[in-house]
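Chain naming here is simple, since letters A, B, ... match the order of the sequence lines and numbering starts at 1 in each.
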Amino acid sequence: MIKVHVDMNLCQSHGECVYAAADVFELGDDDVLRWKEEVDDDRRAELEEAVNVCPMAAIRLEG
Amino acid sequence: MDPLVIVGASLAGARAARAARMAGYEGKLVMIGAEPHLPYTRPPLSKEILAGTKDASSCRIDIDDCEVDWRLGEPASGLDLDARQVALAGGETISFERLVIATGCRARRWVGAGGELRGVHVLRDLDHATGLAAALADGRRLVILGAGFLGCEAAASARSRGAAVTLVDTAPLPMPGVGDALGRRCAEMHHAHGVELQLGIGVVAIHGDEEGAVEAVELANGARLPADLVLVAIGAIPNTEWLAGSGLTLDPGVVCDAHLAAVGSAGVFCCGDVAAWPHPLAAGELVRLEHWTNAAEQGAVAGRNAVVAPADRVAYEAVPSFWSDQYDAKFQAVGLPRRARRMEVAETGPDGERFIVLGCDDRGRPVAALAFNGGRRLPWYRRMLDGGADRKAILAAVEADPKSFAGAAVVS
Ligand SMILES: Cc1cc2nc3c(=O)[nH]c(=O)nc-3n(C[C@H](O)[C@H](O)[C@H](O)COP(=O)(O)OP(=O)(O)OC[C@H]3O[C@@H](n4cnc5c(N)ncnc54)[C@H](O)[C@@H]3O)c2cc1C
Ligand code: SF4
């Protein structure tokens, strides 16, 4: 399992991470980001893409 | 492959370096940058840095573990593809086996009268932003030439500092190219925040006083706008001059193939604001983008392609995305708005404070979706564009989708 951390003090709801991994990240009706905190290992490439496209460098992966 | 040389030490170059290392490249990696700074990210320059809510150190791009041989503060001045050498402005030459070109864009300057006056600024680099931020003490009068994204963001940031701001553009609405609905909304927003809009009119000259400081901006109708500061925000020019005579094709940027290899070269790759490459959404025509995400993703692909075996190179064909923050509003786009000939509002929230515009090209094919405070809908549009959905199918699906603003309006 990969743990996904998002620093909500940095996140500006640009949603670039949602493009990278739509079923992990989602912008809610209130425009606040929601995400799955634990994701299967076989999704690593998409998660790394999400880390790379976040303009605020707000996403961190663990494991 | 040794050494890998990257020219341009900004976002695309930094991501290329990281990707080359991630792909297993362990050789020498040289990064040549014209600016004295380590790579930093530009979007905050017109937003938080200008508004004074963040400092320069928050803009650094993390590249610490990439083992880079830095050559900062001196631009590359020439490329010799036969000798496989990059020349530096100081006369030194640096040999390469693989090369990544990531020299981005620079601000277009005002070449008319008054461009050299004290108080006339451009905004592209960190030093520009900190300089303008320092000059923007409360109550000063700032005239911005150009109401594109950069000019609009700077207007919002300068208002938050209490400056008196005038936005001037020859176009009838701000953010030219995003369509009338968004342009009108943007104009209303700036008006509501106290920005004076001078639209549909050109600037003929910038005037100064005897000491060489800016005093006023003269419009085509003879009006003079008093100014303590002028920001010239009239677009960006790709930094390709150093490649003149190298044999590479340089219009509308360094021309690449789908794998981001520079056409007419071997082992030379290109990425970011300076690169032009054939895009599927543009029916294979060349596009050159000036978007953060494009530079980040393209940099990663170019850096990887530069060091892997030719058979392992991947094509770059992401659907582009872009954002702009002004006041507390968020503007977001996916696709290629510049190719759209027709823009229509596809869905609107009940209060009209959120909406999505769909853009179709000259053949009626959807090529872009643009959101005003509606970014959460764009992943859906991006998938539609990626899948080649036609206009009717998209509009029908919006109508039926309970998650769309239109659907929500019906439900509520
Ligand atoms: C103020 C501002 C705000 C922005 N806001 C947004 C936004 O909100 N959203 C968005 O999507 N995009 C935004 N952008 C655009 C985004 O920042 C760019 O797309 C991105 O910076 C492009 O990265 P790049 O590495 O290709 O080029 P650049 O960032 O332009 O970097 C190119 C680097 O190469 C160097 N260089 C040039 N010539 C030479 C040479 N001959 N030798 C060596 N080095 C050279 C330059 O000095 C520069 O450091 C903004 C841009 C600016 C300026
Ligand atoms: S890309 Fe980054 S800033 Fe944007 S929504 Fe995702 S985590 Fe937040």
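Checking side-chain atoms of B/R42 against main-chain N and O of B/R124 turns up a donor-acceptor pair under 3.5 Å. Of the possible polar contacts, one joining the B/E347 side chain to the B/F405 backbone as a donor-acceptor pair under 3.5 Å is found. Of the possible polar contacts, one joining the B/R354 side chain to the B/N373 backbone as a donor-acceptor pair under 3.5 Å is found. B/Y40 places a side-chain N or O within donor-acceptor distance of the main-chain N or O of B/L126, the cut-off being under 3.5 Å. Side chain of B/N305 to main chain of B/H259: a donor-acceptor pair is present (N/O by atom type, distance under 3.5 Å, no hydrogens or angles). No donor-acceptor pair under 3.5 Å is formed between the side chain of A/D40 and the backbone N or O of A/D42.
Under the salt bridge (charged side-chain N to carboxylate O under 4.0 Å, His left out) criterion, A/D23 pairs with A/R43, sequence neighbours left out.
Of the atoms belonging to B/L378, heavy atoms from both backbone and side chain fall under 4.5 Å from chain A. Only the side chain of A/A22 comes within less than 4.5 Å of a heavy atom in chain B; its backbone stays farther off. Within the 4.5 angstrom heavy-atom criterion, no atom of B/A300 approaches chain A. Residue B/P379 touches chain A through both its backbone and its side chain, counting heavy-atom pairs closer than 4.5 Å.
Using a 4.0 Å cut-off between charged nitrogen and carboxylate oxygen, B/D65 and B/R21 do not count as a salt-bridge pair. Salt bridge annotation for B/R377-B/D401: present, with a cationic side-chain nitrogen under 4.0 angstrom from a carboxylate oxygen. With respect to B/K403 and A/E26, a salt bridge is recorded, a charged nitrogen being found less than 4.0 Å from a carboxylate O. A salt bridge does not link B/R304 to B/D312: none of the charged side-chain nitrogens sits closer than 4.0 Å to a carboxylate oxygen.
Residues of residues 317-331 of chain B that come within less than 4.5 angstrom of chain A, heavy atom to heavy atom, are B/S321, B/F322, B/W323, B/D325, B/K330 in numerical order. Of residues 45-57 of chain B, those residues with a non-hydrogen atom less than 4.5 Å from any non-hydrogen atom of chain A are, in numerical order, B/E48, B/K54. Residues of residues 27-37 of chain A having a heavy atom under 4.5 Å from any heavy atom of chain B, listed by number: A/L27, A/G28, A/D29, A/D31.
Both cation-pi conditions hold for B/R382 and A/Y19: the charged atom is under 6.0 angstrom from the six-membered ring centre and inside a 45 degree cone around its axis.
Listed here is the closest heavy atom pair of B/M31 and B/A9: CE-CA, 3.5 Å.
Neither side chain, B/Q332 nor A/H14, offers a donor N or O lying under 3.5 Å from an acceptor on the other.
A heavy-atom distance below 4.5 Å is found between the side chains of A/E16 and A/P55.
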